[in-house]
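Note that ligands are numbered from 1 as they come in the structure, with each ligand's atoms numbered from 1 the same way. These numbers come from a predicted model, not from an experiment.
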Amino acid sequence: MDITKLEKILENKPKYRLKQANEAVFKNFISDWNEATFFTKDLRDKLNKECPLDIKADILVAKDKNSIKAKIKLFDGLEIESVLMRHADGRNTVCVSSQVGCPMNCAFCATGKMGFVRNLTASEILEQVIFFDRYIKNLKFKIKNYVTNVTFMGMGEPFLNYDNVMQSIKILNNKDFFNIGARSISVSTCGIVEGIKKFSEEGLQLNLAISLHAPSDKLRTELMPVNKTYSLKNILKSVDEYIKKTKRKVMFEYVLIKNVNDSDECAVQLAKLMRKKLYFVNLILYNKTGSFEPSETKRVGAFKKLLEKENINFVQRYRFGDDIKAACGQFATESKKA
Ligand code: SAH
């Protein structure tokens with residue numbers, strides 16, 4: 001569904017017609033314009049032809065049924081992947097992609113291996129959420145909520161597609177449409193400083209996450225080439241300015257990779273960097289792709305003990321959908337295999 005096309009088709013109609021159409025798509029999650037019975041048959045036919053609502057996707061459901069991955073086919077045949085994670089407390093989080101491929105080339109990330117193909121439009125970002133809202137709507141057993149949370153942690157670097165990402169966020173947040181609270185929307189970046197600065201000026205209560213993954217410039221540059229452009233010092237400076245402006249907590253993601261960034265020394269260095277009031281660390285278990293291995297359980301335990309000793313706020317991300325390779329960043333390899 002192309003928002004721009006929809007606006008164009010309805011531009012000569014009274015304003016409320018566009019509102020009705022948007023509500024049908026973004027609130028009631030119709031999948032065929034014929035469900036929009038408030039439009040004439042002619043208009044419905046025109047919309048079905050010029051602004052079709054169908055979303056082509058293959059899905060893969062994890063054994064525990066709590067994570068579902070969709071491989072969505074875009075209009076030009078390219079594919080992106082998105083994941084729905086159903087939490088025990090009733091929240092339903094969709095992890096969306098912001099680009100096809102990614103230009104950042106992080107050593108441990110499967111998407112990076114694919115290279116950058118193109119940015120997604122705001123409609124293509126929203127389509128991923130709509131897909132899962134329709135999925136929930138059509139479940140045989142009823143569940144309480146539609147999509148309640150959205151994280152930009154799929155393929156791509158959201159801050160290199162800033163305008164489209166923000167356009168999609170504003171529609172997700174709009175009370176008349178998805179009505180997803182800003183506090184339930186998170187954007188994760190590898191540390192694009194200009195993006196962090198712009199994000200701090202949005203005036204919305206959104207969540208910011210930084211993919212840190214290493215506590216020193218030397219190691220971070222080895223793992224994440226972007227660190228050559230934006231050093232740790234510069235990133236943390238822009239995060240501090242963000243916090244000063246927004247008073248929001250910031251999450252630092254740290255994926256534990258065996259014998260790479262999981263030593264005691266790394267934990268101590270990380271603790272030194274993270275000793276700030278509104279910082280918190282999210283330890284992520286590495287999902288094996290390529291030549292890196294996840295840290296062993298004992299090592300993870302020791303790493304966590306050191307952070308605790310240093311009074312660092314941290315959480316460990318619950319592992320979703322191992323069997324469907326639901327982890328963000330594993331998307332590319334999986335789609336090649338499928
Ligand atoms: N480009 C953005 C968002 C996409 S990746 C960013 O870098 O933040 C979302 C998160 O998953 C990032 O923290 C990324 O580093 C991490 N990730 C990538 N590959 C992974 C893997 N194989 N296992 C676990 N996490 C991974």
Side-chain angles (χ1 to χ4, degrees), residues 67 69 80-83 85 93-117 119-120 125 128 150-162 164-165 168-169 185-193 195-196 199 206-214 219-220 222-227 229-230 232 235 238-239 250-258 260-262 270 280-295 300 314-335:
S67 40
K69 183 163 77 172
I80 46 166
E81 297 197 17
S82 329
V83 180
M85 289 158 283
T93 300
V94 173
C95 175
V96 296
S97 297
S98 55
Q99 299 181 314
V100 185
C102 182
M104 304 321 302
N105 203 17
C106 298
F108 50 82
C109 176
T111 308
K113 302 279 164 295
M114 188 179 165
F116 173 65
V117 185
N119 277 334
L120 294 181
I125 294 170
Q128 302 170 60
V150 174
T151 59
F152 286 78
M153 293 186 186
M155 293 163 96
E157 170 47 50
F159 282 170
L160 292 184
N161 186 16
Y162 192 91
N164 293 347
V165 164
S168 71
I169 286 177
I185 300 173
S186 307
V187 179
S188 175
T189 177
C190 62
I192 307 290
V193 165
I196 299 173
F199 203 61
L206 299 161
N207 303 308
L208 173 66
I210 308 286
S211 291
L212 199 69
H213 306 325
L219 180 58
R220 196 165 189 271
E222 278 169 36
L223 293 176
M224 304 173 73
V226 65
N227 201 68
T229 315
Y230 305 103
L232 276 174
I235 295 174
S238 69
V239 168
V250 172
M251 177 169 94
F252 291 88
E253 296 157 277
Y254 195 97
V255 58
L256 286 160
I257 310 173
K258 186 177 175 179
V260 173
N261 65 355
D262 62 352
L270 178 66
F280 76 103
V281 177
N282 186 353
L283 292 177
I284 304 168
L285 297 175
Y286 183 64
N287 284 285
K288 190 174 163 35
T289 64
S291 53
F292 292 106
E293 298 278 341
S295 301
V300 174
F314 73 88
V315 290
Q316 188 176 337
R317 190 188 283 173
Y318 172 72
R319 203 168 186 151
F320 267 101
D322 254 359
D323 54 329
I324 58 164
K325 302 224 180 324
C328 309
Q330 286 192 296
F331 290 172
T333 39
E334 185 58 21
S335 25

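At under 3.5 Å, a nitrogen or oxygen of G156, whether backbone or side chain, sits near a nitrogen or oxygen of ligand 1.
With a 4.0 Å cut-off on non-hydrogen atoms, E157 touches ligand 1 through its backbone as well as its side chain. When non-hydrogen atoms are compared, ligand 1 lies under 4.0 Å from the backbone of T189 (N, CA, C, O) but not from its side chain. Only the side chain of V255 comes within 4.0 Å of ligand 1, counting heavy atoms alone; its backbone N, CA, C and O stay farther away.
Ligand 1 does not have M104 within reach: every non-hydrogen atom of the residue lies 4.0 Å or more from it. Residue contacts with ligand 1 include G154, since one or more of its heavy atoms lies under 4.0 Å from the ligand.
At least one donor-acceptor pair under 3.5 Å links the side chain of Y162 to the backbone N or O of F199. Between the side chain of T111 and the backbone N or O of C102, no donor-acceptor pair lies under 3.5 Å.
Among S188, G112, C109, the residue whose heavy atom sits closest to atom 2 (C) of ligand 1 is S188. Looking at K288, H213, M153 and measuring to atom 15 (O) of ligand 1, the nearest heavy atom belongs to H213.
A distance of 6.0 Å or more separates the ring centres of F252 and F280.
Of all heavy-atom pairs between Q99 and E157, the closest is OE1-N, 2.9 Å.
Within the 4.5 Å cutoff, the side chain of M155 has no heavy atoms near those of the V96 side chain. Between F108 and T289 the shortest side-chain heavy-atom distance does not fall below 4.5 Å. A 4.5 Å side-chain heavy-atom check between S82 and K69 finds every atom pair outside the cut-off.
Atoms of ligand 1 found under 4.0 Å from any heavy atom of C190, numbered from 1 in the order shown, are 6 (C), 7 (O), 8 (O).
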